[in-house]
2 protein chains.
Amino acid sequence: MSGKKNPRETTLTEEAYQKLRWDIVSGTLEAGSPLRLENLKQRYGLGYSPLREALNRLHSERLVMSVALRGFTVAPLSLTEMWDAVDTRIHIEAEALRRAIKFGDDDWETEVISAFHGLSLKAKKLEQMDTPPMEEMKALEDRHHRFHRALISACRSNWLLDFSDKLYVETERYRFPVLGGPRARPSRDLTLEHQEIMEATIARDAEKAIALLSRHYQRTGETLSARYQPDAKPMAAGADA
Amino acid sequence: MSGKKNPRETTLTEEAYQKLRWDIVSGTLEAGSPLRLENLKQRYGLGYSPLREALNRLHSERLVMSVALRGFTVAPLSLTEMWDAVDTRIHIEAEALRRAIKFGDDDWETEVISAFHGLSLKAKKLEQMDTPPMEEMKALEDRHHRFHRALISACRSNWLLDFSDKLYVETERYRFPVLGGPRARPSRDLTLEHQEIMEATIARDAEKAIALLSRHYQRTGETLSARYQPDAKPMAAGADA
DNA sequence: AAAATCCAGATTTTCGAAAATATCTATTTA
DNA sequence: TAAATAGATATTTTCGAAAATCTGGATTTT
């Protein structure tokens, strides 16, 4: 049932990319650790070519570092890099949201509402579970991404959308351990925050929607900071790298 | 003298990347045309692996399109894409320049001035030539990039710098045929524009510098539009793709 | 005739061996 | 002893053949 039939459904490069990406974002492959091709070949049962192509793609997304002739490593985590991603994301998506609110049509509104619902349902479901399985975490991530993408999807700029995606990937990595870690989501109602953003957007109140979205990201950054600061271990090299 | 000794100076992937990139940006490889591996293998005398890796890298920079199992093509040109790149660049670099002016130190100022001089000298030299050789064009491009990069180099955001680089590559492609084409640079003194930007920046007048930089990019967009509009042929598929 | 099926030929993708390069250890030299 | 050199090992990079997949045209079926 799981779809691993013989007739391949996609390229092996794509498979390698998805698996590596997940293992990095989820922390299975630790930040900073070297990615030896022989290891990966064993681990995923794939040849050199698809692995290299996947690693190069991940390099362009800044999830892995690469030094010519010296191979690949999982990109390090650092608070300053995290904040850079958060700040830049606010700058990019504020503009994108402004334009989406200006240009968005009925289909866009529908997609925003639909994505919000899909997200909040899944979030409620996961909240009630003690230890959600990986599959569910992944599904939640997908819906979260879909919602934020939907908000700005009508901005009519492929470049803004592209950059937003890049930054989503980056911040996903920092957010993940928080979600999975000590289930402390204190004094914060994410679903409410999403709902308020959604409502201001649909109401075409650009300034309010932008302010709410910015605050949403800002708070996420603060949560991550608080999470990492006390226990500096998981971070690669202090908060400076 | 040219450095093609046996002991390799860099990876073949890098070599493939540089050559392909240049051939695309300069228009030698026409927009939209297919990039068959067998051809490229002949053309550059390289094997499949380095070529594929280079093509994937160019794909992530949007210079080539890629469809799984159907190979690569040179990315099409379109006016709307060009304007998207220009507008996004203004948005990104305005913020980056604001921060650079805020944070920049003495070294930064020095680099900005130095880069400006390098650029204006080379520009003056090229202006006096009838048909500048490719090498000189390439050198001018490098200095032009160096100048614009220097302006924002002190912004303290790797993401803004990264995005700016991406957009530079994209716009370079559209700018190139204009430079090489009918040498009509009517009523426009690029060196003066650069100088004004540089001076406002060094004077730490953020608003003025941003306004000048934005206008600079805006005008470039208009020049390119005017260049392409009358003769719609060179564009890939109208102005909509 | 239109749609569906099947076959070459062309092209991409993948593999693992071979070449190139880096890294580590032992040995020599100053 | 410390620095320099050389050799052995580990790792990445590159190559071209083989496998998988697509494309377009001819043949068959409805």
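Order of the sequence lines sets the chain letters (A, B, ...), proteins ahead of strands, with each chain counted from 1.
With sequence neighbours left out, the ring pair (Phe, Tyr, Trp, His ring centres under 6.0 Å) criterion links H145(B) to Y168(B). In this view, E222(B) satisfies the side-chain hydrogen bond (donor to acceptor under 3.5 Å, both in side chains) rule with no residue, not counting sequence neighbours. Not a single side-chain hydrogen bond (donor to acceptor under 3.5 Å, both in side chains) links S60(B) to another residue, sequence neighbours left out. The side-chain hydrogen bond (donor to acceptor under 3.5 Å, both in side chains) check on D84(A) picks up T88(A), S157(B), with sequence neighbours excluded. Residues satisfying the salt bridge (Lys or Arg N to Asp or Glu O under 4.0 Å) test with K125(B), not counting sequence neighbours, are E136(B). In this view, H194(B) and H144(B), F147(B), H148(B), H216(B) satisfy the ring pair (Phe, Tyr, Trp, His ring centres under 6.0 Å) rule, not counting sequence neighbours.
Counting to the nearest Å, the C1' atom of dT12(C) and the CG atom of L51(B) are 13 Å from each other. Note: CD (E15(A)) to C1' (dT14(C)) measures 12 Å, nearest angstrom. In this structure, NZ of K41(B) is placed 13 Å from P of dT11(C), rounded to the nearest angstrom. Look at CG on L40(B): it is 8 Å from P on dT12(C), rounded to the nearest Å. Nucleotide dT14(D) holds its C1' atom 20 Å from the OH atom of Y17(B), rounded to whole Å. The nearest whole Å value for the distance from the CD atom in Q42(A) to the P atom in dG16(C) is 11 Å. Between the P atom of dG16(C) and the CG atom of L46(A) lies a distance of 10 Å, rounded to the nearest Å. Rounded to an integer number of Å, the gap from Y48(B) OH to dC15(C) C1' is 14 Å.
Taking a 4.0 Å limit (strictly below) on heavy-atom distances, residues 53-66 of chain B does not reach DNA chain C anywhere.
For Q18(B), the CD atom counts as densely surrounded, since its 6.0 Å shell holds more than 12 non-hydrogen atoms of other residues, nucleotides or ligands.
The list of ring-ring contact (aromatic ring centres under 6.0 Å, His included) pairs with a residue in residues 10-56 of chain B, not counting sequence neighbours, reads W22(B)-F176(B).
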Pairs under 3.5 angstrom, nitrogen or oxygen only, protein versus nucleotides 9-11 of chain D, please.
residue: dT11(D); atom: OP1; partner: R36(A); partner atom: NH1; Å: 3.4

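Nearer the 5' end of DNA chain C, as judged by each residue's closest nucleotide, is the contact made by G45(A), out of A68(A) and G45(A).
Using modelled atom types and a 3.5 Å distance limit, the side chains of S26(A) and T28(A) yield a donor-acceptor pair.
T11(A) has no side-chain polar atom (N or O) that falls below the 4.0 Å cut-off from OP1 or OP2 of dT12(C).
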